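Notes to accompany the following structure.
Keep in mind the model is a prediction, meaning the values are calculated, not measured. Excluded from the calculations below are hydrogen atoms, water molecules and symmetry mates; all remaining heavy atoms, backbone and side chain alike, are included.
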Amino acid sequence: MLAERARWVHRYWEHVAAELRDKELWKVYEEIERPLVPVLARMERHGIRVDPARLEAFAKELERSLDNLTREIWQLAGEKFTIASPKQLAHILFEKLGLPALRRTKTGYSTDADVLTELALGHPLPAKILEHRTLAKLKGTYADTLPALVDPRTGRIHTTFNQLVATTGRLSSQDPNLMNIPIRTELGRRIRAAFIPAAGWRFVAADYSQIELRILAHLSGDPAIIEAFRRGEDIHTRTASEVFRLPPAEVTPLQRTIAKSANFAILYGVSAFGLSQATKIDQKAAQRYIDDYFAAHPRVRAFIDATLAFGREHGFVTTLLGRRRYLPDLRSANPIARNAAERMAMNAPVQGTASDMIKIAMVRMQAALEARRLRARMLLQVHDELLFEAPPEEVAAVEALAREIMELALPLQIPLVVDVKSGADWAEV
DNA sequence: GGGAAAGGCTTG
DNA sequence: GTACGAGCCTTTCCCA
């Protein structure tokens, strides 16, 4: 029985090994994915420390605020209802109070954050709902949940990293997901601040700066973007100066914000609709910015066109190292499905190459920590960032090592920049 | 009572 | 009908 299974595994391995070679995926497997397995296993086993007391105290504060908000919301609504129910909320907002229903979902009226933000201009209730949702999210998903996930044997939280879920080659993290710990708001950072290094140790965080735009510049060979990065310019200001036809010094904050969104539009697969939604500008203006962007960066246009043509012909697109994403819908007769596949095709080489790069860095970093007999540990990867814990005397060495290894993991035509920082909790770094 | 779908929110 | 890639929470619906 066992021998039979062993023979089956052997035959299967011969089959897939040949397939990996045929598809030029041998190096991706042998030099990236397989060596990454024990690295991820160590990170999972080691876990990360959280301070349950900080989270429990925060949960109590949230509970008080939520009680008060609930009372105010019911008062404004004129009745008690389940605030977390979009269906009941829609009834209150659009039928009872007669506010304008701005957008529909499959089954009713939308009450998402965009809609409520708009409605908040004309009524006090929507803002209270938004605040309630924020606090309920923090309490339910993080403050209440994470303390219960501390393993009593290690005193730490142990996630599972998934190597085979994301279609672009990224990792994912589950049970719990430690890749979506809040950071963008002050309240959210209270959650992040509960993640702490081993007693007496420090966190070291190292993150790639503008990694996807640098990869786009490399893959497309666009001389203007390459030059901007070589000079260390602010890339969004640079884009703004191009699409608004202004000297960089005259770019306003709003123009820079729009240009930043335009850069995201390019990375995510160009759509005037998406850009207009993100920036609250009308679709015509969004289209104009995209046209102006491509006028300034013809090589980016050419790269996208060539990527789509390759994808239509072969049924897949590839990263710099040959990782594939299959997209049969590039040849779909259904324009909705085809457009969706085209956006995925534009984005996958960029997102996937960034993923290849940080995976290489992780394998080398683990090896380097061991070779130098450092006690520091790699704890988490969050797409363009690595988090370590280190004894104080190793902090400088880990910072230098992470910067060096990450910047040189996959050399491009453009210099890569890694920002490193140490701190006493995850909000500090 | 439990699983799936829907809507919503967190992150890079 | 839409921005790319994920995972988790609550409510609602449906079925055994």
If you check the A:His383 side chain, which of B:dG12, B:dG7, C:dT2 turns out closest?
B:dG12
As a test of reading the structure: which of C:dC4, B:dT10, C:dC13 is closest to the side chain of A:Tyr142, going by heavy atoms?
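Among the listed nucleotides, the one closest to the side chain of A:Tyr142 is B:dT10.
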Under 4.0 angstrom, heavy atoms only, what part of the nucleic acid is [X] near: base, sugar-phosphate, or nothing?
{"X": "A:Ala113", "result": "sugar-phosphate"}
{"X": "A:Asn177", "result": "sugar-phosphate"}
{"X": "A:Ala265", "result": "base"}
{"X": "A:Ala84", "result": "sugar-phosphate"}
{"X": "A:Arg338", "result": "nothing"}
{"X": "A:Ser271", "result": "base"}
{"X": "A:Leu138", "result": "nothing"}
{"X": "A:Leu171", "result": "nothing"}
{"X": "A:Ser261", "result": "base"}
{"X": "A:Val165", "result": "sugar-phosphate"}

Length of the CE-P vector between A:Met179 and C:dG7, whole Å
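Interatomic distance, CE of A:Met179 to P of C:dG7: 10 Å.
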Tell which nucleotide pairs with B:dG12, taking only Watson-Crick or G-U wobble pairs whose two distances are both under 3.5 angstrom.
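Matched B:dG12 with C:dC4 under the 3.5 Å cut-off.
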Quick check: any donor-acceptor pair below 3.5 Å linking the side-chain of A:Arg133 to the base of B:dG8?
no
Any A:Thr111 side-chain N or O less than 4.0 Å from OP1/OP2 of B:dG8
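Answer is yes, contact under 4.0 Å.
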